[in-house]
Amino acid sequence: MFVPTEADLDALVTQYPLLKPRLEEAFSTIEYALDKYGIDAVGMSFNGGKDCTVLVALFAIVLRRNGIWTENDDHLVETLYVAPSHPFDEVGSFIEECVRPYHLKITTIVGSMRDGLAQFLKAQPRIKAVLIGTRRSDPYCAELKPLHMTDHGWPEVMRVNPILDWSYADIWTFLRTLKVPYCSLYDDGYTSLGGTDNTIPNPALKSETGYYPAYALEDETKERDGRVKR
């Protein structure tokens with residue numbers, strides 16, 4: 001199920017009560033951004049990864065709660081996909097699968113995040129805030145706030161980080177318990193997705209017959225061990 005029901009969420013926090021404050025903070029951050037900027041001025045960055053998949057599901061839940069989103073309406077979320085120069089076919093296919101159920105209007109740009117964001121905002125000048133699936137464990141993200149303006153030298157836009165304090169385990173508990181679809185590469189031992197030229201299955205998940213799935217990783221500090229250093 002791409003968008004969990006309220007009953008599913010209630011069952012989730014009953015089974016995993018430590019997730020309740022994570023969800024509450026995420027929903028509050030999204031609600032604040034919508035109240036401050038309005039639905040037409042809030043876009044999304046989505047690359048098909050596990051964190052972004054949680055983010056897009058949370059956003060859909062908030063839109064549904066506010067009567068903005070229904071399964072059959074035609075409101076589309078302006079969405080930026082900054083693609084690597086050597087993308088995985090599986091990632092592209094998964095992103096395509098997400099377009100209809102999450103009502104995404106995808107703008108695909110190959111290049112750096114900075115350049116991609118600049119092109120996206122130039123084409124969509126009404127966008128004043130962008131939802132991003134950043135967590136504190138990501139590189140250079142330890143000091144971020146839930147709402148954080150882009151740094152000097154970047155295109156000016158408010159970064160909205162609803163899952164900033166979620167752990168790797170939180171991400172997988174949400175996805176697997178609620179049966180939210182995710183990219184198939186994670187079942188093949190990939191834990192952090194880049195391009196085919198710089199990403200391999202995580203060595204920490206090596207088994208006798210292949211690789212354990214991403215959610216089997218116990219040491220969260222090894223999440224990016226499948227990224228090839230160039």
Checklist line | side chain to side chain contact (heavy atoms under 4.5 Å, CB included) between Val160 and Ile132, worked out | finding: CA-CA 6 Å; Val160 184; Ile132 301 175; over 6 Å; no
Next item on the list: Dump the intermediate steps for side chain to side chain contact (heavy atoms under 4.5 Å, CB included) on Leu58 and Leu23, then the final yes or no.
Entry: CA-CA 8 Å; Leu58 293 174; Leu23 286 166; 3.8 Å; yes
Next item on the list: Please report the C-alpha distance between Lys105 and Val77 in whole Å, then the side-chain angles of each, then the deciding distance to 0.1 Å, and finally whether the side chain to side chain contact (heavy atoms under 4.5 Å, CB included) criterion is met.
Entry: CA-CA 6 Å; Lys105 181 182 177 183; Val77 179; over 6 Å; no
Next item on the list: Walk me through it: do Thr29 and Leu147 pass the test side chain to side chain contact (heavy atoms under 4.5 Å, CB included)?
Entry: CA-CA 8 Å; Thr29 299; Leu147 275 82; 3.7 Å; yes
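The distance between the ring centers of Tyr215 and Tyr186 does not fall below 6.0 angstrom. Residues Phe88 and Tyr190 place their aromatic rings such that the two centres sit under 6.0 Å apart.
Between Val13 and Leu9 there is no side-chain heavy-atom pair separated by less than 4.5 Å. You'll find the side chain of Met113 reaches within 4.5 Å of the side chain of Trp154, heavy atoms only. Contact of the Tyr182 side chain with the Asp187 side chain is registered, since non-hydrogen atoms from C-beta on lie closer than 4.5 Å. A heavy-atom distance below 4.5 Å is found between the side chains of Leu80 and Val82. Contact check for Glu223 versus Lys50: side-chain heavy atoms found under the 4.5 Å cut-off.
The structure places OG of Ser192 at 14.5 Å from NZ of Lys222, a figure rounded to the nearest 0.5 Å. Distance check: Asp165 CG to Asn161 CG gives 10.0 Å after rounding to the nearest 0.5 Å. Atom CG of Asn47 is separated from atom CD1 of Ile95 by 6.5 Å, given to the nearest 0.5 angstrom. Atom-to-atom distance recorded for Met44:CE and Cys52:SG is 8.0 Å, nearest 0.5 angstrom. Here the straight-line distance linking atom CD1 of Ile171 with atom CD1 of Ile163 works out to 4.0 Å at 0.5 Å rounding.
In this structure a side-chain-to-backbone donor-acceptor pair under 3.5 Å is present from Arg136 to Leu144. Listed for the Arg227 side chain is a donor-acceptor partner under 3.5 Å among the backbone atoms of Leu193. Remark: side-chain polar atoms of Asp115 are not paired, donor with acceptor, to backbone N or O of Gly111 under 3.5 angstrom. Of the possible donor and acceptor atoms, none in the side chain of Thr79 sits under 3.5 Å from a partner among the backbone N and O of Leu104. Panel note: side chain Thr199, backbone Gly194; a donor-acceptor pair is recorded below 3.5 Å. A distance-only check finds no donor-acceptor pair linking the side chain of Thr191 to the backbone of Ala214 [under 3.5 Å]. Formation of a donor-acceptor pair under 3.5 Å by the Glu90 side chain with backbone atoms of Leu185 is not found in this model.
A salt bridge is absent between Lys128 and Glu156: the closest approach of a Lys/Arg side-chain nitrogen to an acidic carboxylate oxygen does not fall below 4.0 angstrom. Looking at Lys20 and Asp10, no side-chain N of the basic residue comes within less than 4.0 Å of a carboxylate O on the acidic one, giving no salt bridge. Ion pairing of Glu78 with Arg126 is present here, as a side-chain N (NZ or NE/NH1/NH2) and a carboxylate O approach within less than 4.0 Å. A salt bridge does not link Arg135 with Glu220: every distance from a Lys NZ or Arg NE/NH1/NH2 to an Asp or Glu carboxylate oxygen is 4.0 Å or more.
A search for ring-ring contact (aromatic ring centres under 6.0 Å, His included) contacts involving Phe59 returns nothing, not counting sequence neighbours. Under the rule for a side-chain hydrogen bond (donor to acceptor under 3.5 Å, both in side chains), Asp89 has no partner lying at least two apart in sequence or in another chain.
A cation-pi geometry, defined here as NZ or CZ lying under 6.0 Å from the six-membered ring centre and within 45° of its normal, holds between Lys206 and Tyr211. Geometrically, Arg65 engages Phe27 in a cation-pi contact defined by less than 6.0 Å to the ring centre and at most 45° from the axis.
Contact detail for Leu121 and Pro155: the closest heavy-atom pair is CD1-CB, 3.7 Å. Considering every non-hydrogen atom in both Asp225 and Thr221, the closest pair reads OD1-O, 4.3 Å. When all heavy atoms are compared, the tightest approach of Pro201 to Asp188 is CB-O, 3.9 Å. Contact between Leu55 and Pro162 at its shortest, heavy atoms only, is CD1-CG, 3.6 Å.
The closest side-chain donor-acceptor pair between Tyr212 and Asn202, if any, does not fall under 3.5 angstrom. In this model, no donor atom of one side chain and acceptor atom of the other lie less than 3.5 Å apart for Arg114 and Ser112. Between the side chains of Asp170 and Thr173, no donor-acceptor pair of N or O atoms lies under 3.5 Å.
Using a 30° and 60° split on the angle between ring planes, Phe46 and Phe94 fall in the tilted class, from 30° to 60°.
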